[in-house]
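Below: one structure, written as structure tokens.
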There are 2 protein chains.
Amino acid sequence: MSEATALRSTQKVIFLNPSESPVGARKFEVTCSSCNLREICLPAGLDHDDLQRIEQVVYARRRVKRGDALFNAGDVFNSMYAIRSGFFKTSLLDGEGREQVTGFFMGGELLGMDGVGAGHYNGAAIALEDSEVCVMPFSLVEDISREVPALQRHLHAVLAREIVRDHGVMLLLGSMRAEERLAAFLLNLSKRFTRRGYSPLDFHLRMTREEIGSYLGLKLETVSRLFSKFQEDGLIEVQQKHVRIRDNAGMEQLLTTRH
Amino acid sequence: MSEATALRSTQKVIFLNPSESPVGARKFEVTCSSCNLREICLPAGLDHDDLQRIEQVVYARRRVKRGDALFNAGDVFNSMYAIRSGFFKTSLLDGEGREQVTGFFMGGELLGMDGVGAGHYNGAAIALEDSEVCVMPFSLVEDISREVPALQRHLHAVLAREIVRDHGVMLLLGSMRAEERLAAFLLNLSKRFTRRGYSPLDFHLRMTREEIGSYLGLKLETVSRLFSKFQEDGLIEVQQKHVRIRDNAGMEQLLTTRH
DNA sequence: CGCGCTGTTGAAACTTGTCAAAGTTTGTGG
DNA sequence: CCACAAACTTTGACAAGTTTCAACAGCGCG
């Protein structure tokens, strides 16, 4: 792809979405090769040339304040986003304004894939703490992935991984009881924190009980009761948003034992 | 892409998966341009050249008898499949052998996207009636989509559509009551039958109550009771697997009315 | 430093699941 | 082609799980 094409693509992004401001968005600030999330974000075993070309897809960074939307359902789709730091929830609004949280996302994970192909995002992404994302204009991603098969494969893998993740949530919502859902949720968070170098046994929940409940298909009171029950059973210690896992094996057993 | 590359790709498929037998699998039998599902399967507005190249991705057809698996969870991933005729369910097995149905698929819809990138399928696809699929070796799809941007966009759109579909199911499982779930399910089927030229008001369910229940996160008895209740309420007529929708508006109201 | 959002807990109601039995359809082998 | 078995469906009564409503406590943001 020519540099001219790249510029055209990126400018389109700027003008269509004013909030993607050029402030702090100069390309030379961004390098994937030096990003500490590189191993999570990018495929392994890239040679220097490929890596350099893949870095072109990251056009800019953007800060999102806690409570603000990275994008809303229905917004024109231009870009996918990689989370550099922070924490997001994604959600849908059903017909009557009820919210369904479809996922929680942390550093190194991608957002916005649900907009590919449709021209607009299907759901919203809201920051649960002050966050920063890498902006990847999708037309650029497509252009470069035609030239760099490693990026093409990675893009497909990323989209498919989201499908697999969603199927996991469907399994959770469709066939687990409340207890199992919360255990699965906590263990999943724990695993993802580990990968990012945080403690797997001691972490801070960024979301409210209501958001957890929405994600798990439960009411907030049920979630609260379960936290208390897990604590009584010696599985965890909870204090508001702070969770400490005391009996990891016990939690896993909750998931593998029928009733 | 050279013809040699194409042949290498297709042969790999044959040898890795013996059930993809060359019987009835000769390429010249397959033409997307003459397929009556073309409008559902392929992007609109393709010129003759692009269409010819896209047809290359369909290497073969394969018949799957009712009850047989098109692929199983864990099978090596080589191909995506387009359904030419018939009906499938996809499902996951949870830790203890319980099945979660993740979707039902009919003519013109695609299967196997959950294997992209991981090297193996995440779930299984089982034929609910004698079916026939187009086999699309994924390496071929990737090769050609690098050359034909229309195919590239279509592939991305197809993957994203699956993500959006899954989010819809998560909404259903996470925030609807049993009645709403069944109504949503029936209306969704109705809509998809319409698109294929079948009656939207009068159709034959290919799946059992248990499979419907698994998909909707309900027990089969609950599904059965709801069918009876919908009949009492004059919304539908049911007789085993045959369903006739009598009050479409009433069904839709079930979905838009809170409680 | 206080007001509001978030979280906890209790009791009662409701929805859905479980268990059981009987009826119906489908498929198969004689 | 019939008969029988297996699989699927329906329905009832009861149990269990989850939600609803309500009251109150606590933390944290402004």
Side-chain angles (χ1 to χ4, degrees), chain A residues 65-68 89 98-101 126-130 172-183 185-186 204-233 236-243 254 257-259, chain B residues 65-68 89 98-101 126-130 172-183 185-186 204-233 236-243 254 257-259:
Chain A
K65 283 211 291 286
R66 175 182 168 171
D68 284 355
K89 68 171 175 183
R98 276 191 308 192
E99 180 187 53
Q100 168 74 28
V101 172
I126 313 287
L128 296 182
E129 59 183 38
D130 291 353
L172 180 145
L173 291 171
S175 71
M176 291 185 185
R177 299 173 326 90
E179 242 179 31
E180 304 173 293
R181 293 185 200 183
L182 186 63
F185 169 72
L186 290 173
H204 183 81
L205 300 172
R206 274 77 171 180
M207 69 295 282
T208 66
R209 300 290 188 262
E210 183 164 25
E211 286 161 339
I212 297 173
S214 172
Y215 178 63
L216 298 178
L218 303 169
K219 292 297 163 187
L220 68 96
E221 294 95 328
T222 306
V223 174
S224 180
R225 272 184 250 274
L226 287 171
F227 272 120
S228 303
K229 179 171 184 302
F230 282 7
Q231 179 154 254
E232 280 165 33
D233 296 352
I236 62 174
E237 281 170 33
V238 208
Q239 227 180 117
Q240 301 291 129
K241 292 202 158 69
H242 182 259
V243 174
L254 259 185
T257 310
R258 281 297 127 249
H259 304 266
Chain B
K65 283 209 292 286
R66 176 182 164 171
D68 285 354
K89 69 172 175 184
R98 275 190 309 192
E99 180 188 54
Q100 167 74 29
V101 172
I126 312 286
L128 296 182
E129 60 184 36
D130 291 353
L172 179 144
L173 291 171
S175 72
M176 290 184 185
R177 300 173 330 88
E179 241 178 35
E180 303 173 291
R181 294 184 199 182
L182 186 62
F185 170 71
L186 291 173
H204 183 81
L205 300 172
R206 274 77 171 179
M207 70 296 281
T208 67
R209 300 289 188 262
E210 183 165 23
E211 287 161 338
I212 297 172
S214 171
Y215 178 63
L216 298 179
L218 302 170
K219 292 295 162 186
L220 68 98
E221 294 94 330
T222 306
V223 174
S224 180
R225 271 185 252 274
L226 286 171
F227 271 119
S228 302
K229 179 171 185 302
F230 281 8
Q231 179 153 252
E232 280 165 33
D233 296 351
I236 61 174
E237 281 170 35
V238 208
Q239 228 180 119
Q240 301 289 131
K241 293 203 156 69
H242 183 260
V243 174
L254 259 185
T257 310
R258 281 298 127 247
H259 305 267

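Chain letters run A, B, ... following the sequence lines, proteins first, then strands; residues in each count from 1.
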Listed partners of B/His204 passing side-chain hydrogen bond (donor to acceptor under 3.5 Å, both in side chains), at least two apart: none

Estimated bend of the helix from C/dC1-D/dG30 to C/dG30-D/dC1 (axis per five terminal pairs, rounded to 10 degrees): 60°

Nearest-Å distance for atom pair CD/P, residues A/Glu180 and D/dG17: 11 Å

From NZ (B/Lys241) to OG1 (B/Thr208), nearest 0.5 Å: 6.0 Å

Per A/Leu218 side chain, nearest of listed nucleotides D/dT18, C/dT15, C/dG27: D/dT18

Nearest-angstrom distance from the residue atom CG of B/Leu173 to P of C/dT16: 13 Å

Touch class at under 4.0 angstrom, heavy-atom based, for B/Arg66 against every strand present: sugar-phosphate

Salt bridge (charged side-chain N to carboxylate O under 4.0 Å, His left out) partners of B/Glu211, counting only residues at least two apart: B/Lys89

Between D/dG12 (C1') and B/Leu226 (CG): distance, integer Å: 16 Å

Contacts of A/Glu237 that satisfy side-chain hydrogen bond (donor to acceptor under 3.5 Å, both in side chains) - sequence neighbours left out: A/Arg244

Inter-residue atom distance B/Leu173.CG - B/Arg181.CZ, 0.5 Å rounding: 5.5 Å

Side chain of B/Arg177 (C-beta onward), nearest among C/dT16, D/dT10, D/dT18: C/dT16

Those residues that, when tested against A/Glu129, pass salt bridge (charged side-chain N to carboxylate O under 4.0 Å, His left out) (two or more places apart): A/Arg206

Side-chain (A/Arg66) to main-chain (A/Ala127) donor-acceptor, under 3.5 angstrom: no

Donor-acceptor pairs are to be reported for all side-chain atoms of residues 226-233 of chain B against protein atoms at under 3.5 Å, with residues two or more places apart or in another chain.
| unit_1 | atom_1 | unit_2 | atom_2 | d |
| --- | --- | --- | --- | --- |
| B/Ser228 | OG | B/Ser224 | O | 3.2 |
| B/Lys229 | NZ | B/Glu179 | OE2 | 2.8 |
| B/Lys229 | NZ | B/Asp233 | OD2 | 3.0 |
| B/Gln231 | OE1 | B/Val238 | N | 2.9 |

Between P of D/dT11 and CZ of B/Phe230, the distance in whole Å: 15 Å

Option passing side-chain contact (heavy atoms from CB on, under 4.5 Å) with A/Leu182 (candidates A/Leu254, A/Thr222, A/Leu216): A/Leu216

Sub-4.5 Å side-chain heavy-atom contact between B/Glu221 and B/Arg225: yes

Atom-pair distance (CG on B/Leu220; P on C/dA20), nearest Å: 15 Å

Touch class at under 4.0 angstrom, heavy-atom based, for A/Lys229 against every strand present: nothing

Value rounded to 0.5 Å, distance of OG in A/Ser214 from CD in A/Glu99: 5.0 Å

5' precedence on DNA chain D between B/Ser224 and A/Thr222 (nearest-nucleotide basis): B/Ser224

Under 4.0 angstrom between B/Lys219 side-chain N/O and C/dC19 OP1 or OP2: no

Rounded distance in Å - CG (B/Leu128) to P (D/dC8): 11 Å

Under-3.5 Å N/O pairs linking protein and nucleotides 21-27 of chain D:
| unit_1 | atom_1 | unit_2 | atom_2 | d |
| --- | --- | --- | --- | --- |
| D/dC21 | N4 | A/Glu221 | OE2 | 3.4 |

DNA chain D-proximal residues of residues 205-217 of chain A, any heavy atom under 4.0 Å: A/Gly217

Atom pair CG/CD1 of A/Asp68 and A/Ile126 - distance to nearest 0.5 Å: 8.0 Å

Gap between atoms CZ and P, on B/Phe227 and D/dT11 respectively (whole Å): 13 Å

